[in-house]
Amino acid sequence: MFKFWVENDKNATVTKLVDALRKLGLNLTASKIEEMQGTDNPPRHQAEVQHKIPSQEMHPLERNRVALVKNMIINTGLLNCLRQDDVITEQDEAQIKAGGANEFTQNERLLDLLKKRPPDDLKKFRKALGKEETNQEHLIKLTK
């Protein structure tokens with residue numbers, strides 16, 4: 001995210017800037033435009049613009065997150081495989097299952113945790129999906 005200040009017609013200026021940057025290939029969205037407090041004449045406005053990351057730059061577990069959350073079954077031994085391979089700890093498993101979370105929430109928590117792990121742990125996750133005791137080999141392609 002980056003911020004900049006504009007004077008006078010805040011919406012037109014921000015729109016023109018965002019359009020110009022989009023023509024350069026950046027996928028941007030103006031998320032906030034607000035008048036700055038002060039004694040400036042004319043008034044100044046602050047705008048926040050965010051660069052949306054294209055899907056090819058996204059973490060592999062985010063690209064197909066909806067399908068993974070919907071289709072992954074962690075009660076089939078997946079968590080045991082991940083613990084055995086030192087991908088998650090006992091505390092991680094407790095956090096994933098905390099509060100009697102339903103299977104979708106547990107899947108979301110596991111994916112959130114795995115996103116923060118090193119690339120080797122993602123490889124171990126893929127390997128765990130392909131093991132006989134988890135029987136989720138069909139999901140491996142969604143993690144690449």
Side-chain angles (χ1 to χ4, degrees), residues 1-38 43-144:
M1 178 186 334
F2 59 92
K3 297 180 182 182
F4 59 92
W5 288 265
V6 295
E7 295 179 359
N8 299 326
D9 188 359
K10 62 182 177 181
N11 289 322
T13 304
V14 171
T15 301
K16 287 177 187 177
L17 179 61
V18 169
D19 288 343
L21 293 171
R22 282 183 181 152
K23 288 178 184 176
L24 294 173
L26 294 177
N27 189 4
L28 300 173
T29 177
S31 61
K32 186 193 294 185
I33 302 171
E34 56 189 39
E35 187 168 332
M36 301 299 292
Q37 298 296 320
R44 295 174 68 195
H45 299 85
Q46 177 181 358
E48 291 182 6
V49 178
Q50 291 185 327
H51 176 250
K52 291 189 209 172
I53 301 172
S55 62
Q56 64 268 23
E57 293 178 31
M58 291 177 84
H59 191 282
L61 297 178
E62 285 297 313
R63 266 197 300 276
N64 295 303
R65 182 179 177 89
V66 172
L68 286 167
V69 167
K70 182 179 176 184
N71 296 298
M72 192 168 50
I73 303 169
I74 63 172
N75 293 335
T76 60
L78 182 60
L79 292 179
N80 287 330
C81 290
L82 295 174
R83 281 193 49 202
Q84 178 179 311
D85 293 338
D86 293 321
V87 175
I88 64 170
T89 65
E90 187 175 347
Q91 292 81 13
D92 293 332
E93 184 176 0
Q95 182 183 358
I96 291 166
K97 294 179 175 181
N102 66 38
E103 63 187 69
F104 300 114
T105 301
Q106 290 181 30
N107 290 347
E108 289 172 338
R109 290 175 181 172
L110 176 59
L111 293 177
D112 290 341
L113 187 76
L114 290 170
K115 280 186 343 186
K116 300 172 187 172
R117 301 288 199 224
D120 282 347
D121 285 351
L122 181 56
K123 290 177 186 174
K124 290 176 184 177
F125 172 63
R126 289 181 184 128
K127 182 180 171 187
L129 287 173
K131 288 186 176 180
E132 186 176 324
E133 53 268 19
T134 63
N135 194 28
Q136 299 185 68
E137 190 172 316
H138 60 285
L139 297 177
I140 295 172
K141 67 180 181 281
L142 297 176
T143 66
K144 295 184 176 181

Would one find more than 12 heavy atoms of other residues, nucleotides or ligands at under 6.0 Å from atom [atom1] of [X]?
| X | atom1 | value |
| --- | --- | --- |
| Asn71 | CG | yes |
| Glu133 | CD | yes |
| Glu62 | CD | yes |

For residues [X] and [Y], report the shortest heavy-atom separation together with the two atoms involved.
| X | Y | answer |
| --- | --- | --- |
| Cys81 | Lys131 | SG-CD, 3.8 Å |
| Leu79 | Glu93 | CD1-CG, 3.8 Å |
| Leu142 | Ala67 | CD1-CB, 3.8 Å |
| Thr134 | Gly77 | CG2-C, 3.9 Å |
| Arg83 | Thr89 | CD-O, 4.0 Å |

[X] side, atom [atom1]; [Y] side, atom [atom2] - distance, nearest 0.5 Å:
| X | Y | atom1 | atom2 | answer |
| --- | --- | --- | --- | --- |
| Phe125 | Leu111 | CZ | CG | 6.0 Å |
| Glu108 | Glu103 | CD | CD | 11.0 Å |
| Met72 | Arg65 | CE | CZ | 9.0 Å |
| Thr105 | Leu110 | OG1 | CG | 12.5 Å |
| Asp120 | Asp85 | CG | CG | 11.5 Å |
| Leu113 | Leu82 | CG | CG | 9.5 Å |

Worksheet item: In chain order, what residues pass the salt bridge (Lys or Arg N to Asp or Glu O under 4.0 Å) check against Lys70, with sequence neighbours excluded?
Response: none

Discussion item. Applying salt bridge (Lys or Arg N to Asp or Glu O under 4.0 Å), can you list everything that pairs with Lys124, at least two apart in sequence or on another chain?
Written reply: none

Please tell me if the side chains of [X] and [Y] come closer than 4.5 Å, counting only heavy atoms from C-beta onward.
| X | Y | answer |
| --- | --- | --- |
| Asn107 | Leu68 | no |
| Arg63 | Lys144 | no |
| Leu114 | Leu122 | no |
| Leu61 | Thr143 | yes |

Fill in: Contacts of Lys127 that satisfy side chain to side chain donor-acceptor pair (under 3.5 Å) - sequence neighbours left out
none

Discussion item. With side chain to side chain donor-acceptor pair (under 3.5 Å) as the test, pick out the partner of Asp92 among Arg109, Lys97, Arg117.
Written reply: Arg117

